[in-house]
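Note that these values count all heavy atoms, side chains included, but never hydrogens, waters or copies made by symmetry. First listed ligand is number 1; within each ligand, the first listed atom is number 1.
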Amino acid sequence: MNPKKLAAEKAVEFVQSGMILGLGTGTTAYWAIERIGEMIRNSDLKIRAIATSKRSADQAAALGIPLVSFGEIDQIDLTIDGADEADGKLNLIKGGGGALLREKIVATNSRQMVVVVDGHKLVNCLGKFPLPVEVIPFGWEKVFENLGAMGCEPLLRKNSDSEREVFLTDNGNYIIDCSFGEIADPATLEDKINAITGVADNGLFVGIASKLVVGYESGEVKVLERILK
Ligand code: 5RP
């Protein structure tokens with residue numbers, strides 16, 4: 001069984017008619033968008049949505065999901081998005097697909113963020129996956145140096161099909177992937193990185209996700225809730 005599809009379809013069970021949805025990006029969020037499109041076609045579900053990337057917006061538009069902009073709504077009710085790593089406190093590393101900035105804007109303006117992952121993404125400690133940092137192209141070399149001085153191994157992301165072309169986000173920015181190893185204090189690291197001038201944001205999502213839906217190849221699906229202090 002496809003664990004990503006299982007997790008995504010379970011998360012879509014939290015969708016209710018009338019909601020404004022945030023649509024995530026990536027191969028797991030893809031299945032949630034497909035399922036929402038199917039429900040609009042086959043039931044009386046009425047929702048409107050904001051997409052976190054051009055890719056997801058194109059997919060949603062092709063499925064007939066009505067898209068809105070922030071200027072047309074007050075708040076997003078529910079966002080469903082993937083992650084590259086998630087820990088037991090529901091802190092995340094995101095941005096493997098390069099959409100972290102829009103994803104964080106959408107998630108932090110949502111009443112609820114439901115994260116969908118396959119079992120391999122669940123970790124005890126974040127950091128095995130290199131942390132994506134979105135940076136403004138002007139002066140990126142200095143941000144790169146600053147990130148290196150914070151104790152990581154930084155790498156400027158290139159397009160997968162051309163080692164010479166720098167990867168550009170939907171916002172026209174660069175991504176620096178930072179291998180820190182185990183991240184003991186994600187909240188402090190998130191703030192420290194964002195304090196560097198030239199950083200747009202980084203892929204640490206701390207205290208944002210409300211539910212984590214984990215799919216397994218066996219067909220099992222677990223729903224973890226964030227414990228509020
Ligand atoms: C994109 C993301 C994705 O949610 C993350 O990379 C997970 O992707 P996938 O579901 O394809 O494994 O953060 O910026």
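- Listed by number with element, the atoms of ligand 1 under 4.0 angstrom from any heavy atom of Gly26 are 11 (O).
- Heavy-atom distances between Gly24 and ligand 1 stay at or above 4.0 Å for every pair.
- Ser69 and Glu72 form a side-chain donor-acceptor contact under 3.5 Å, judged by distance and modelled atom types alone.
- For Arg157 and Glu134, the salt-bridge test fails: no basic side-chain N is under 4.0 Å from an acidic carboxylate O.
- For atom 2 (C) of ligand 1, the nearest non-hydrogen atom of the protein is Glu103 OE2, 3.3 Å.
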Working for side chain to side chain contact (heavy atoms under 4.5 Å, CB included), residues Ile65 and Ile40: CA-CA 7 Å; Ile65 300 174; Ile40 288 175; 3.8 Å; yes

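- Put simply, the residue from Asp58, Thr169, Thr25, Asp170 that forms a side chain to side chain donor-acceptor pair (under 3.5 Å) with Ser53 is Thr25.
- Considering only heavy atoms from C-beta on, Leu92 comes within 4.5 Å of Met113 through its side chain.
- For atom 3 (C) of ligand 1, the closest heavy atom belonging to the protein is Thr25 O, 3.2 Å.
- Near Thr28, meaning under 4.0 Å from one of its heavy atoms, ligand 1 places the atoms 9 (P), 10 (O).
- The residue among Val117, Thr169, Val115, Asp84 with a heavy atom at the shortest distance from atom 5 (C) of ligand 1 is Asp84.
- Counting heavy atoms only, Thr27 comes closest to atom 9 (P) of ligand 1 of the residues Ile175, Leu92, Thr27.
- Residue Ala99 has at least one nitrogen or oxygen atom sitting less than 3.5 Å from a nitrogen or oxygen atom of ligand 1, judged on distance alone.
- Protein heavy atom closest to atom 12 (O) of ligand 1, with residue, atom name and distance, is Lys121 NZ, 2.7 Å.
- In this structure the side chain of Asp77 never reaches within 4.5 angstrom of the side chain of Val15, judged on heavy atoms.
- Contact annotation: for Ala83 versus ligand 1, heavy atoms closer than 4.0 Å belong to the backbone alone.
- Per-residue contacts place Asp81 under 4.0 angstrom from the following atoms of ligand 1 (heavy atoms of the residue considered): 4 (O).
- Ion pairing of Glu38 with Arg41 is absent here, as no side-chain N (NZ or NE/NH1/NH2) approaches a carboxylate O to less than 4.0 Å.
- If you number the atoms of ligand 1 from 1 as listed, the ones under 4.0 Å from a heavy atom of Lys4 come out as 12 (O).
- Counting atoms of ligand 1 from 1 in the listed order, those under 4.0 Å from a heavy atom of Gly95 are 2 (C), 13 (O), 14 (O).
- If you number the atoms of ligand 1 from 1 as listed, the ones under 4.0 Å from a heavy atom of Gly82 come out as 4 (O).
- Side-chain atoms of Ser110 do not come within 3.5 Å of backbone N or O of Leu78 as any donor-acceptor pair.
- Here Lys94 does not pair with Asp84 in a salt bridge; the nearest charged N to carboxylate O distance is not below 4.0 Å.
- Glu141 contributes atom CD, which lies 9.0 Å from atom CD1 of Ile176 (distance to the nearest 0.5 angstrom).
- At a heavy-atom cutoff of 4.0 Å, ligand 1 is contacted by no atom of Val116, backbone or side chain.
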